[in-house]
Chemist: 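Quick one: structure below, then a few questions.
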Number of protein chains: 2
Amino acid sequence: MAARARLSRDRIIDAAAAVADRGGLAAVSMRNVAAELDSEAMSLYHHVPNKEALLDGLADWAFLQIDLPDPAKPWRESMTARATSARAVLGSHPWALGMLESRPKPGPALLRHHDRVLGCLSEAGFSAALATHAFSTIDAFVYGFVLTEASLPFAAGEGAEAAFADEVGASADDYPYIAAHRAELLADKTFAFADEFAAGLDLILDAIEAQRRAAP
Amino acid sequence: MAARARLSRDRIIDAAAAVADRGGLAAVSMRNVAAELDSEAMSLYHHVPNKEALLDGLADWAFLQIDLPDPAKPWRESMTARATSARAVLGSHPWALGMLESRPKPGPALLRHHDRVLGCLSEAGFSAALATHAFSTIDAFVYGFVLTEASLPFAAGEGAEAAFADEVGASADDYPYIAAHRAELLADKTFAFADEFAAGLDLILDAIEAQRRAAP
DNA sequence: ACCTGAACACCGTTCAAGT
DNA sequence: ACCTGAACACCGTTCAAGT
């Protein structure tokens, strides 16, 4: 936190992101963000109209971190790279996904990102209808996967076995299919939930590729 | 709001859902929820340990509204019904999705729901690995689609044409692909973003069906 | 037992005052 | 111009007091 320099909208939003990474979205108060900059809450209002605007900027900040896809590359390659980057970024800043729902107006970074994705598909010869199709399915998968990864009882990764029993209680009776499913997965030493991302994405890209060949 | 009756955890969470539906998650304060019940903030603490627990209950409340799938029916039919119900419910209570990210411990309604979904797949002969595959991909798609629907510049529905120009400003220069894409979509009178849900879901279910035939 | 008023440490925001 | 202290109406929560 490079403190005591001149305030600016960008510095304020960076500070807000740092606060959110450390303490979650609930910790992002005008006073906390100002403190992160060795400043006072009221000083922020000279660079940001109000907290809602700060949060708009914070949501967009996350999309600024995602690599822009390259329309010159083959579409499948760009889509895979973008999805992978988006997953990494949103996984590192999970508060960003929670902001989307209540923030219908996309910021410039999000729009620029969408523009480039549509650019990739357009340059590859996708019709508008098929591009929408591809875009919305891939996007939904990426957003949803990150969300799922944070909340699925078998998604946790390290020590997930013990975690389930602890978290949910002795609940094999209440949730027999989950219990059986978990046991079967744990018996398979090669299974890792994180691998589901690449698998699911490939599944979707295969289907899109087939559709594209059928009706370019 | 059936007011002045005896307080209970269930009545409190129902009231919280009503407040959230009306004013968004930000409106859900202990004082507002109590007022919805013609009561006082402090009275809630006799039925709920604190606000975080109330929010846990609220997140789970949403999953209680989603139709449970029937393991006796063909798996594709149950998955489609469940996804459709989940989309409708989460679309009507969009604040629920925003809560998932910060609430890693699933509630009983969510677990029961997951258990039944895994039950459908298990009864249909899916291996644990393939069931995880199907589950996480479908779930991700549903969550992500609802999220996307609320924030995509071409997703808005009625009056979306004008909305884009208003929302984003005269930005065809900044976002040429979005502008071209939009124009092409609007020229196609048969296009509706809402249709993308069924299309994307079918695409995923087709792919799962193919995988299942290859390695049951 | 269940409910509630007053009180405390917070929060976003306004406004007047400082430089 | 940029920053900030005091003040206002909120917020979650504790505690003592009511029934």
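Per chain, numbering begins at 1; letters A, B, ... match sequence-line order. Only heavy atoms go into these numbers, but all of them, side chains included; no hydrogens, no water, no symmetry mates.
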Chemist: Partner of D:dG18 by Watson-Crick or G-U wobble geometry, both contacts under 3.5 Å, or none?
Modeler: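 Answer to the pairing question: C:dC2, which forms a Watson-Crick or G-U pair with D:dG18.
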Chemist: Remember a base hit wins even if backbone is also touched, and classify A:Met30 as base, sugar-phosphate or nothing at under 4.0 Å, heavy atoms.
Modeler: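 Sugar-phosphate contact only - A:Met30 comes under 4.0 Å of backbone atoms but never of a base.
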Chemist: From C-beta outward on A:His47, which listed nucleotide comes closest to its side chain: C:dT13, C:dC2, D:dC3?
Modeler: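 The closest nucleotide is D:dC3.
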Chemist: Between A:Arg31 and C:dC10, is there a contact of a side-chain N or O with OP1 or OP2 at under 4.0 Å?
Modeler: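 Negative; the distance criterion is not met.
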Chemist: Both distances below 3.5 Å, Watson-Crick or wobble geometry, any strand: find the nucleotide opposite C:dT13.
Modeler: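 With both distances under 3.5 Å, C:dT13 matches D:dA7.
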Chemist: Using the benzene-type ring in the case of Trp, are the ring centres of A:Phe197 and A:Phe145 under 6.0 Å apart?
Modeler: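 Ring centres of A:Phe145 and A:Phe197 closer than 6.0 Å.
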Chemist: Counting the benzene-type ring for Trp, do B:His133 and B:Phe126 have ring centres under 6.0 Å apart?
Modeler: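 No: the rings miss the under 6.0 Å criterion.
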Chemist: At less than 4.0 Å, is any side-chain N or O atom of B:Tyr45 found next to OP1 or OP2 of D:dT14? Yes or no.
Modeler: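 For D:dT14, OP1/OP2 do not have a side-chain N/O of B:Tyr45 under 4.0 Å.
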Chemist: With distance as the sole criterion, do the side chain of B:His46 and the base of C:dC2 form a donor-acceptor contact below 3.5 Å?
Modeler: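 No, the side chain and the base share no sub-3.5 Å donor-acceptor pair.
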Chemist: Are B:Arg31 and B:Glu40 close enough for a salt bridge, meaning some N to O gap below 4.0 Å?
Modeler: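 Here B:Arg31 does not pair with B:Glu40 in a salt bridge, since their nearest N and O are not under 4.0 Å apart.
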Chemist: Nearest to the B:Leu7 side chain among C:dG12, D:dC11, C:dC3, which nucleotide is it?
Modeler: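 Nearest to the side chain of B:Leu7 among the choices is C:dC3.
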Chemist: What's A:Ser29 touching, base or sugar-phosphate or nothing? Going by heavy atoms closer than 4.0 Å.
Modeler: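 If one applies the 4.0 Å heavy-atom cut-off, A:Ser29 turns out to touch the sugar-phosphate alone, with no base involved.
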Chemist: Closest to the B:Lys51 side chain: C:dT13, C:dC3, D:dG12?
Modeler: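 The answer is D:dG12, which lies nearest to the side chain.
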Chemist: Are the charged groups of B:Glu36 and B:Arg22 less than 4.0 angstrom apart, N to O?
Modeler: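 Here B:Glu36 pairs with B:Arg22 in a salt bridge, since their nearest N and O are under 4.0 Å apart.
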